[in-house]
Amino acid sequence: MKPLRKAVFPVAGLGTRFLPATKAVAKEMLPVVDKPLIQYAVEEARAAGIEQFCMVTGRGKTALVEHFDIAFELEATLRDRDKQEALALLEGTQVEPGSMVTVRQQVPLGLGHAIWCARAFVGDDPFAILLPDDLVLSDTPCLTQLAEAYRETGGNVVAVTEVAREHTHRYGILKTGADDGRMVEVLGLVEKPPPHLAPSTLSVIGRYVLMPEVIEELARMDRGAGGEVQLTDGMARLIGRQPFHGLRYEGRRFDCGDKAGYLEAQIAFALKHPDLGPTVRAFLRRYLDA
Ligand code: UTP
């Protein structure tokens with residue numbers, strides 16, 4: 001079994017649910033407390049042993065790449081002024097030289113198409129996908145949990161969570177097989193089924209470990225739900241040919257591509273923050289009591 005060393009970060013979407021904030025700023029640059037969403041995703045990947053990073057970007061997304069570059073003037077000024085604490089805050093934005101590449105998705109034809117754009121980076125290796133707008137608050141980082149499940153099964157593993165039946169039309173939904181309560185065998189995958197047609201209420205979140213063969217399936221460029229090339233459809237064609245499991249991860253997912261989910265993430269992460277937590281708890285109480 002090949003080790004998991006590569007991760008793809010699709011960040012070429014339009015972020016229409018977050019307009020006007022995302023008109024000139026990429027959705028993945030929106031901060032939760034003090035860090036942009038993309039930095040949470042890159043840190044999570046690094047913690048899981050990922051050494052090679054590929055961002056699938058589009059027009060107007062250069063800030064995402066610059067965030068992981070050296071800010072020479074800023075760092076020199078902070079050093080001159082002996083601002084060690086501020087300098088330390090930049091550490092999480094530094095990656096090994098040459099370890100981060102970008103590819104361009106010129107037209108946002110769907111998540112499946114974005115992943116196919118990273119085909120040269122993926123090559124013949126297993127790879128992770130992290131959607132930065134899905135943020136997971138957990139004791140063990142979500143991708144670390146998935147990487148462990150990959151080592152156990154040697155095949156495709158996606159992070160899954162229960163959703164309300166009336167919300168199945170928003171997600172990729174599993175048809176489930178053998179289930180030990182933690183790991184569930186995937187017998188089928190359907191993108192955004194209406195509640196009455198959903199084969200279960202177990203949905204895929206934005207964390208995946210996939211085998212490189214998914215790229216060949218995406219290359220068919222079949223249009224699925226919403227007229228887009230769907231990753232779910234490409235993954236579905238691997239079922240039966242390769243091991244495919246869903247992992248009920250430990251943790252709480254926030255859909256930061258959605259305004260309510262993003263606000264909830266701000267509150268949850270702020271309450272957990274060592275300096276801010278007590279202050280935020282106190283002012284939330286004041287608002288709720290008013
Ligand atoms: P979303 O479904 O959240 O789409 O994409 P979006 O365009 O970002 O946002 P809305 O729905 O218009 O508000 C899920 C992930 O897939 C990426 C997005 O950047 C996001 O990380 N994506 C989506 C692409 O990279 N390319 C695409 O063509 C579509």
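As the structure is a prediction and not an experimental result, all values here were calculated from the model. Whatever order the structure lists them in is the order used to number ligands and atoms, beginning at 1.
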Could you check whether the rings of F283 and Y287 sit parallel, tilted or perpendicular, using 30° and 60° as the cut-offs?
perpendicular
Less than 4.5 Å apart, any side-chain heavy atom of Q52 and any of M100?
no
Output, or 'none' if empty, a list of ligand 1-protein atom pairs in which both atoms are N or O and the distance is under 3.5 Å, rounded to 0.1 Å.
| residue | atom | partner | partner atom | Å |
| --- | --- | --- | --- | --- |
| ligand 1 | 3 (O) | R17 | NH2 | 2.9 |
| ligand 1 | 3 (O) | K27 | NZ | 3.0 |
| ligand 1 | 3 (O) | D133 | OD2 | 3.3 |
| ligand 1 | 7 (O) | L14 | N | 2.8 |
| ligand 1 | 7 (O) | G15 | N | 3.2 |
| ligand 1 | 8 (O) | K27 | NZ | 2.7 |
| ligand 1 | 9 (O) | G15 | N | 3.4 |
| ligand 1 | 9 (O) | K27 | NZ | 3.2 |
| ligand 1 | 11 (O) | R17 | NE | 3.1 |
| ligand 1 | 11 (O) | R17 | NH2 | 3.4 |
| ligand 1 | 12 (O) | T16 | N | 2.8 |
| ligand 1 | 12 (O) | T16 | OG1 | 2.5 |
| ligand 1 | 13 (O) | T16 | N | 3.0 |
| ligand 1 | 13 (O) | R17 | N | 2.7 |
| ligand 1 | 13 (O) | R17 | NE | 3.0 |
| ligand 1 | 19 (O) | P10 | O | 3.4 |
| ligand 1 | 19 (O) | A12 | N | 3.4 |
| ligand 1 | 19 (O) | G13 | N | 2.9 |
| ligand 1 | 19 (O) | E28 | OE2 | 3.1 |
| ligand 1 | 21 (O) | P10 | O | 2.8 |
| ligand 1 | 25 (O) | A12 | N | 2.9 |
| ligand 1 | 26 (N) | Q105 | OE1 | 2.7 |
| ligand 1 | 28 (O) | Q105 | OE1 | 3.3 |
| ligand 1 | 28 (O) | Q105 | NE2 | 3.3 |
| ligand 1 | 28 (O) | L109 | N | 3.3 |
| ligand 1 | 28 (O) | G110 | N | 2.8 |
| ligand 1 | 28 (O) | G110 | O | 3.3 |

Tell me whether K61 is salt-bridged to E66, with the criterion being a basic N under 4.0 Å from an acidic carboxylate O.
no
Lys/Arg N to Asp/Glu carboxylate O, D180 vs R182, below 4.0 Å
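No, D180 and R182 are not salt-bridged.
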Is the closest side-chain donor-acceptor distance between S138 and E250 under 3.5 Å?
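Short answer, no.
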A cation-pi test, strictly: NZ or CZ of K6 under 6.0 Å from the centre of the six-membered ring of F53 and no more than 45 degrees from its axis. Yes or no?
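No, K6 and F53 do not form such a contact.
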